[in-house]
Amino acid sequence: MAQKEEAAAAAAAAAAAAPAAPAAPASQNGEDLEDLDDPEKLKELIELPPFEIVTGERLPVNFFKFQFRNVEYSSGRNKTFLCYVVEAQGKGGQVQASRGYLEDEHAAAHAEEAFFNTILPACDPAVRYNVTWYVSSSPCAACADRIVRTLGKTKNLRLLILVGRLFMWEEPDVQAALRRLKEAGCRLRIMKPQDFEYVWQNFVEQEEGESKAFEPWEDIQENFLYYEEKLADILK
Ligand SMILES: [Zn+2]
């Protein structure tokens, strides 16, 4: 598929343009580090192709500018970037929050699935979880169903997903999956210009000591309205 090759070339170009790509830690909490003690696992890690799933705290500026842009046709954007905030509220009322981002290649595990596998693999039934995702594009049907299953068996988990773009929204099975998400209690929103600004401030690498002001692109509001209308039609 020429489009795929184009996409790969664009991704390679984006990667080349950002040589300071994150040497991201394998996990937020370090659980995966013990894998490094196991020679077999280590070998596996080394032999794997370049990171299928990358996690980190802040993503490079170029990644944000390219991947999160809410263009109408997402040519060349064959990855999903998922920024998350997890707030866990225990019985005593104290809230612990963690944040970071995940990145995938669509060919491998998807970022949404990776979130449940690596960031929040288990929920303590005594804790209430409020999770917010800022995702470059909306989930595919398979990921949407994974989210629905997780919400179905984890009643103490609330999930709000803000998406920059809708992914393959013309497809009936994608539309049906988005409706199942809504029915499962997942709140789904299109990112407003302020949401992009929030991601910029909280999830994008900033120059040391100075954070640059967010520069909205020309059609950011127009594209937001475009996708918001599509989403409203789908969820009607
Ligand atoms: Zn997916």
Side-chain angles (χ1 to χ4, degrees), residues 22-36 51-60 63-64 67-68 79-104 108-140 142-164 177-178 180-192 194-206 211:
S27 117
Q28 292 297 298
N29 307 314
E31 306 101 319
D32 297 341
L33 291 179
E34 56 187 52
D35 285 352
L36 299 180
F51 280 122
E52 290 169 336
I53 295 294
V54 174
T55 67
E57 283 173 16
R58 283 180 180 263
L59 55 127
F63 283 18
F64 172 80
Q67 297 288 350
F68 267 94
K79 293 181 174 198
T80 303
F81 277 75
L82 186 159
C83 299
Y84 63 85
V85 181
V86 178
E87 288 177 349
Q89 186 173 16
K91 267 234 168 80
Q94 77 280 19
V95 176
Q96 282 194 323
S98 67
R99 64 175 64 210
Y101 83 94
L102 290 160
E103 162 201 340
D104 70 29
H110 291 187
E112 296 91 334
E113 195 173 8
F115 176 86
F116 291 118
N117 292 342
T118 64
I119 306 297
L120 198 62
C123 286
D124 178 344
V127 172
R128 277 173 41 198
Y129 298 87
N130 275 313
V131 174
T132 306
W133 288 353
Y134 299 86
V135 201
S136 49
S137 65
S138 58
C140 68
C143 286
D145 286 338
R146 168 77 197 263
I147 296 165
V148 167
R149 282 198 305 278
T150 303
L151 289 174
K153 64 182 184 197
T154 323
K155 294 298 176 197
N156 50 332
L157 171 65
R158 283 170 60 84
L159 179 61
L160 165 64
I161 307 179
L162 297 109
V163 302
L178 294 180
R180 285 195 295 276
L181 263 186
K182 184 189 174 191
E183 280 156 24
C186 176
R187 289 168 300 153
L188 192 60
R189 306 263 188 279
I190 304 295
M191 283 172 71
K192 297 183 167 103
Q194 306 92 284
D195 298 316
F196 289 104
E197 184 168 12
Y198 179 85
V199 170
W200 170 260
Q201 285 168 351
N202 292 281
F203 293 100
V204 176
E205 287 174 355
Q206 304 286 350
S211 77

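Each residue takes its place number in the sequence, starting with 1. Hydrogens, waters and symmetry mates play no part in the numbers below; they use all other heavy atoms, side chains included.
Note: Trp200 and Phe64 have tilted aromatic rings, judged against thresholds of 30 and 60 degrees for the angle between ring planes. Note on ring orientation: taking the six-membered ring where Trp is involved, the planes of Phe116 and Trp133 are tilted (angle from 30° to 60°).
Among residues at least two apart or in separate chains, salt bridge (charged side-chain N to carboxylate O under 4.0 Å, His left out) pairs with a member in residues 109-118 are Glu113-Arg146. Within the structure, no pair that satisfies the salt bridge (charged side-chain N to carboxylate O under 4.0 Å, His left out) test touches residues 151-163, not counting sequence neighbours.
Shown here for Ala114 and Leu102, the closest heavy-atom pair between the two residues is C-CD1, 4.1 Å. Taking both residues in full, the closest heavy atoms of Met191 and Val135 are given as SD-O, 4.1 Å, listed atom of the first, atom of the second, then distance. Residues Leu151 and Leu157 come closest through the heavy atom pair CD2-O, 3.7 Å. Scanning all heavy atoms of the two residues, the minimum distance from Gly164 to Ile190 falls at O-CG2, 4.2 Å. For the pair Ala144 and Pro139, the tightest heavy-atom approach, listed with the atom from each and the gap, is N-CB, 4.0 Å.
Taking the side chain as every heavy atom from C-beta outward, Tyr198 and Phe203 approach each other to under 4.5 Å. Using a 4.5 Å heavy-atom threshold, the side chains of Asn202 and Tyr134 count as separate. In this structure the side chain of Cys83 reaches within 4.5 angstrom of the side chain of Phe68, judged on heavy atoms. With contacts defined as side-chain heavy-atom distances shorter than 4.5 Å, the pair Thr154/Asn156 qualifies. Put simply, the side chain of Leu59 does not reach to within 4.5 Å of the side chain of Glu103, judged on heavy atoms. Using a 4.5 Å heavy-atom threshold, the side chains of Thr150 and Leu120 count as separate.
In this structure, Gln96 CD and Glu87 CD are separated by 11.5 Å, a value rounded to the nearest 0.5 Å. With rounding to the nearest 0.5 Å, the separation of CZ in Arg58 from CZ in Arg99 is 8.0 Å.
Using modelled atom types, one side-chain atom of Tyr129 and one backbone atom of Asp124 make a donor-acceptor pair closer than 3.5 Å. One N or O on the side chain of Ser136 and one on the backbone of Phe81 form a donor-acceptor pair closer than 3.5 Å.
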Run the side-chain contact (heavy atoms from CB on, under 4.5 Å) check on Val86 and Phe115 step by step: do they pass? CA-CA 11 Å; Val86 178; Phe115 176 86; 3.8 Å; yes
Report the C-alpha separation of Thr80 and His110 in whole Å, then their side-chain angles, then the decisive distance to 0.1 Å, and conclude whether the side-chain contact (heavy atoms from CB on, under 4.5 Å) test is met. CA-CA 7 Å; Thr80 303; His110 291 187; 5.9 Å; no
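Screening Ile161, Asp195, Leu162, Leu159 against Thr132 for a side chain to side chain contact (heavy atoms under 4.5 Å, CB included) leaves a single residue, Leu162.
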